[in-house]
Number of protein chains: 2
Amino acid sequence: MSERTRVCVVGLGPVGRRCAVMALERSELEIVAAADIDPAMQGRDLGDVLGTGKIGVEVSATLDEALKGSRKGVAVLCTTSSLERAADQIRACVQAGWHVVSTCEELAYPWNTAPQLSATIDAWASKASCSVLGTGVNPGFVMDALPAFLTGACQRVDTVLVERFQDASVRRLPFQQKIGAGLSLEVFEQQVIEGKIRHVGFQESIHMIAAALDVRIDKLQERVLPVIATRSLKSEFIEILPGMVAGVNQIAQGFSSGKAAVTLNLQAYFGHPQPQERVLIKGVPDVEMLIPGGLHGDVVTCAMTLNAVRKMGSARPGLRTMLDFGLPSGRFS
Amino acid sequence: MSERTRVCVVGLGPVGRRCAVMALERSELEIVAAADIDPAMQGRDLGDVLGTGKIGVEVSATLDEALKGSRKGVAVLCTTSSLERAADQIRACVQAGWHVVSTCEELAYPWNTAPQLSATIDAWASKASCSVLGTGVNPGFVMDALPAFLTGACQRVDTVLVERFQDASVRRLPFQQKIGAGLSLEVFEQQVIEGKIRHVGFQESIHMIAAALDVRIDKLQERVLPVIATRSLKSEFIEILPGMVAGVNQIAQGFSSGKAAVTLNLQAYFGHPQPQERVLIKGVPDVEMLIPGGLHGDVVTCAMTLNAVRKMGSARPGLRTMLDFGLPSGRFS
């Protein structure tokens with residue numbers, strides 16, 4: 001058996017914790033360090049924080065403390081959706097000699113949305129001979145890398161439509177809150193304005209698909225619309241009366257020379273009648289792909305992340321994306 | 001606009017001719033040479049052979065003649081399913097400084113089925129700083145690279161099932177003959193024994209998926225079964241009476257430690273009620289993917305090939321496969 005890949009989990013919110021639990025299940029990975037800013041976690045055994053039983057790894061208060069002293073490996077960064085906030089953490093990791101795989105949505109394809117910061121991160125990583133990758137289910141897979149991959153079957157691509165339909169009633173509470181479930185229309189619209197209700201990553205996904213197709217997006221539109229409940233709906237956590245918000249419909253379109261080249265349509269609300277992933281490529285030939293039932297957000301985000309972790313050692317140094325990282329793949333049990 | 005990629009089409013059978021026609025439609029590719037062993041084609045303008053009108057490229061009698069004198073580019077090799085027969089042609093191409101993309105089925109993932117020859121081809125190509133890739137719809141995409149890619153969503157993979165169901169009545173005559181349509185059961189079984197009725201590439205596909213999943217296949221079983229017509233069926237070319245062979249059902253399984261890790265099921269017969277591509281990954285989570293209607297074999301094989309051609313310049317030298325070539329993708333119109 002080849003040596004296990006050493007992992008440092010940075011950020012122990014819901015996604016970081018799930019990544020940690022799933023990493024513990026994998027024989028090819030070894031968690032050697034962890035960090036979180038929450039004082040209540042610091043100094044505790046990571047296994048106690050996770051509820052899995054002690055594993056002999058203490059949660060550090062700072063990234064520097066977590067990374068120093070250990071032999072190098074891969075930092076799994078689950079701290080923020082914001083590239084700007086993640087940047088300093090990424091720098092700390094690569095300058096300490098650690099690769100970075102992150103669920104930071106804006107890192108999934110930052111070359112167009114943040115070209116200068118992307119070049120800076122690329123330079124930091126290249127200089128340290130480390131690789132940095134943003135991934136997850138969305139962005140990172142189902143609404144960008146997967147449709148891009150499917151276009152490989154086409155002689156010519158005219159338009160790409162990606163639909164993600166989710167029944168939000170079976171998800172965790174923070175997710176239900178993030179889509180505005182149970183709010184009045186007024187509060188929903190206020191929260192949209194405040195940026196509280198918004199899937200982060202559509203711009204990155206559109207630019208990733210466009211880059212794969214050698215096309216330049218010259219206009220990008222994004223709308224966040226409420227889905228109003230027409231009947232009573234409820235989950236373990238929230239009850240929604242008719243007329244209240246059942247969830248969100250977010251649509252983004254990337255235009256090239258006036259044509260809507262890429263359209264992303266995310267519907268996440270209580271009681272969605274047809275949860276699924278769907279890709280429709282119009283071109284030669286047309287290609288339609290379905291994943292009935294859809295992919296579970298958190299589980300697949302963590303699986304994608306850990307599947308990338310084990311391949312970081314053979315990735316090219318610098319800022320990578322799912323387009324140039326190599327074919328993702330899982331691991332046989 | 002960046003420089004067009006120079007293409008030499010080698011082998012002008014149905015697939016080579018279709019690749020050539022589709023390459024002529026693409027602004028980023030430029031056919032500069034062609035070769036075929038058929039004396040009736042030699043010296044003629046390729047456009048006349050294709051029926052597209054003259055393009056100023058003469059069909060050469062030999063590969064050496066086609067490759068010499070031209071500036072280097074990518075050879076599109078559509079001559080044979082057999083790696084052994086393709087090997088000399090691959091050597092000639094890379095030693096002349098040309099990359100190779102080939103529809104040779106046994107080249108799609110030859111590392112397990114022909115390890116020595118794979119190492120030899122890898123060495124030829126590496127020495128010449130050229131890249132060699134086998135691709136196509138199947139093997140190369142829908143029954144191997146695509147399911148491997150989808151396992152990236154899984155924390156754990158237990159088994160992979162890939163189904164490809166095709167209505168053969170709408171395909172070209174050579175395809176209908178290759179699946180035994182219209183034969184008696186006796187003749188069908190004789191042709192199976194003679195190796196005339198068999199999709200080539202299942203072993204390669206299974207090993208490709210297994211390699212992606214870090215699992216070693218220790219036993220591989222393959223069966224070629226007839227599908228008997230229960231009613232009269234016909235195509236443009238063939239009429240099938242009840243009791244005759246309507247087509248083929250080919251099943252291959254790769255076992256690891258006694259467990260059927262990968263199962264490939266290809267059904268191609270007249271009147272298939274549900275043409276589609278399907279992937280079912282059992283694991284955590286289960287992932288089911290459908291492509292209703294399925295992918296057209298010839299069109300997608302040529303599209304995959306040409307999409308790879310335009311990326312050969314940035315591929316690593318040596319023998320590549322769809323697992324380490326980079327994410328396939330098409331091109332915006």
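Small disclaimer: the values here were computed from a predicted structure and weren't measured. Convention: sequence-line order gives letters A, B, ...; per-chain numbering from 1.
- Interface remark: B:Phe141 contributes side-chain atoms only to the contact with chain A (heavy atom separation under 4.5 Å).
- The shortest heavy-atom contact between A:Pro285 and B:Val299 is CD-CG1, 3.9 Å.
- Residue B:Ala145 touches chain A through both its backbone and its side chain, counting heavy-atom pairs closer than 4.5 Å.
- Note that CZ of A:Phe325 is 11.5 Å distant from CG of B:Leu327, once rounded to the nearest 0.5 Å.
- Atom OG of B:Ser314 sits about 10.0 Å away from atom CG of A:Asp324, to the nearest 0.5 Å.
- Residues A:Ala303 and B:Cys154 come closest through the heavy atom pair CB-C, 3.5 Å.
- For B:Leu306, the part lying under 4.5 angstrom from a heavy atom of chain A is the side chain only.
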- Does the pair B:Val287 and A:Val300 meet the rule for a side chain to side chain contact (heavy atoms under 4.5 Å, CB included), with working shown? CA-CA 10 Å; B:Val287 176; A:Val300 177; 6.0 Å; no

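- Between chain A and the residues B:Pro292, B:Cys302, B:Gly293, the largest count of heavy-atom pairs under 4.5 Å involves B:Pro292.
- Partner B:Phe332 forms a side-chain contact (heavy atoms from CB on, under 4.5 Å) with one of A:Asp214, A:Ile209, A:Leu213, A:Val262 and no other, that one being A:Leu213.
- Taking A:Thr301, A:Val157, A:Leu146 one by one and counting their heavy-atom pairs under 4.5 Å with chain B, the maximum is reached by A:Val157.
- No other option in B:Ala308, B:Gly283, B:Ala210, B:Gly152 has as many heavy-atom pairs under 4.5 Å with chain A as B:Gly152.
- For a residue to count as touching a neighbouring chain, one of its non-hydrogen atoms must lie under 4.5 Å from one of that chain's; by this rule B:Leu290 touches chain A with backbone and side chain alike.
- The NZ atom of A:Lys259 sits 3.5 Å away from the OG atom of B:Ser333 when rounded to the nearest 0.5 Å.
- Here A:Met22 is the residue among A:Met304, A:Arg156, A:Met22 with the most heavy-atom pairs under 4.5 Å with chain B.
- Taking CD of A:Gln276 as the start and CD of B:Glu288 as the end, the distance is 11.5 Å to the nearest 0.5 Å.
- At a cut-off of 3.5 Å, with distance as the only test, a side-chain donor of A:Arg26 or B:Gln155 sits close to an acceptor on the other residue.
- Heavy atoms of B:Ile281 lying under 4.5 Å from chain A are absent altogether.
- Nearest heavy atoms, B:Ala153 versus A:Leu295: CB-CD1, 4.5 Å.
- Heavy-atom minimum distance, B:Ser329 versus A:Ala212: OG-O, 2.9 Å.
- For the set B:Pro147, B:Gly326, B:Ser256, B:Ala261, the count of heavy-atom pairs under 4.5 angstrom toward chain A peaks at B:Ala261.
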